[in-house]
Amino acid sequence: MGDDRSRILELLAAGKITADEAARLLDALESGCGQSDDPETAAKSGAKGGSTALPKFIHVKVDSVKGDKINVKIPLSLVRAGIRLTSLIPKQAADQINKSMAEKGMSFDLSSLKPEDPEEFIEALRQMEINVDAVNGDVIRVYAA
Amino acid sequence: MKCPPYAVSVRVADDERRRVRLWLPLFLLWPLLPLLLLLMLIVSLLVDVASAASGRRSGYTRLMLGCLRVAGEIKGTEVFVQARSHNNRTVGLRVR
C-alpha cells in the first residue's frame, strides 16, 4: 500500500497524471477497491470514475503553452438529452436544418439519429479519453469522469 | 424531467484588479414558469392541431417538452477560462 502511494505521488510529480486522478486513485487505495498493479494504468481507469462509479460529466481541458487554460464540464445527461432532442425535431424543421448545415459544408442528416443511438453514444463517451499534446506545447484532454 | 437550474454564478476577474461576481437566482423565476409553460403548451398544441388538419405531421409539443428536458439537464455545467495573454482575465460560469 505504501509503495502504491509513493508511486502515485511520483507519477503526479512527473506530470503523468493530474491531481484529480491522483486524488481518485488514493481514495480507491484507501477504500480498498480492486485496482491494477500498475498505478499508472489504474490512474487511467480511475480517471474514468473508478471501478464501479459511472462517469457523470465530460471534461474538456485545454492548457495552452501561453498559459491560457480552459476547463469545461458538461453533464453526460445533457448530452443524452440533446441527442434525443434531435429525434423530436419535426420533419419540416429538420429538413431546413439539414439544408442550412449542408450549405455550410456539414452534410449530416438529423433524422439518421435513432432513439437507441444515444445510449450507445453515451456508453462510448464513458470509455473515451482523448489526449492531445500539440507540437507547440498545448495540451488538450477530453475524458468522462 | 429534472427541475430547471436554480442559480447561475458568473465570475469575471481581470488581473486581480477588477472583479465582477454575478449570482443570478433563477429560482425567483420559478413561479412564472407554470404560466409560461402553459402558454407555450397552448401554442405548440395549436400548431400541431393546425398541422394535423392540413394533413402534415408535426411534433412541436414533443419538441417543446424535449427542450424543457434539456434545460433541466444543464445543471452542473461549468466553464472556466483563464486567458493569461489577455490581461490574465478569468471567466467562470457555473450552473447550479
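Computed from heavy atoms alone, side chains included, the values below leave out hydrogens, waters and symmetry copies. Chain identifiers are assigned alphabetically (A, B, ...) following the order of the sequence lines, protein sequences preceding nucleic acid strands; residue numbering begins at 1 within each chain.
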Novice: Find the distance between CD (B:Glu73) and CG (A:Leu76) and round it off to the nearest 0.5 Å.
Specialist: 10.5 Å

Novice: Heavy-atom pairs under 4.5 Å with chain B are the metric here; pick the option from A:Ala81, A:Ser64, A:Pro75, A:Gly82 that has the most.
Specialist: A:Pro75

Novice: Just how far is it from atom CG of A:Leu85 to atom CZ of B:Arg62, taken to the nearest 0.5 Å?
Specialist: 11.0 Å

Novice: Can you hop from B:Val10 to B:Leu26 via hydrophobic side chains spaced under 4.5 Å?
Specialist: yes

Novice: If Ile, Leu, Val, Met, Phe, Trp and Tyr residues are connected whenever their side-chain heavy atoms lie under 4.5 Å apart, and connections chain through other members, are B:Leu35 and B:Leu41 in the same group?
Specialist: no

Novice: Please tell me whether B:Phe27 and B:Leu22 are part of a single hydrophobic cluster in this structure, the criterion being side-chain heavy atoms less than 4.5 Å apart.
Specialist: no

Novice: Looking at A:Ile74, A:Ile70, A:Val72, which hits side chain to side chain contact (heavy atoms under 4.5 Å, CB included) with B:Val79?
Specialist: A:Val72

Novice: B:Leu36, B:Trp30: one ILVMFWY side-chain cluster at the under-4.5 Å cut-off?
Specialist: no

Novice: Show the nearest heavy-atom pair for residues B:Arg84 and A:Lys66, with the distance to one decimal.
Specialist: CB-O, 4.0 Å

Novice: Hey, is CZ on A:Arg80 packed in by over 12 heavy atoms from elsewhere, all under 6.0 Å?
Specialist: yes

Novice: Mind checking the CD-NE2 spacing from B:Glu78 to A:His59? Nearest 0.5 Å is all I need.
Specialist: 8.5 Å

Novice: Cluster question for you: counting only ILVMFWY and a side-chain heavy-atom cut-off of under 4.5 Å, with indirect links fine, are A:Phe57 and B:Ile74 together?
Specialist: no

Novice: On a heavy-atom basis, which atom in B:Leu63 and which in A:Leu88 lie closest, and how many Å separate them?
Specialist: CB-O, 3.9 Å

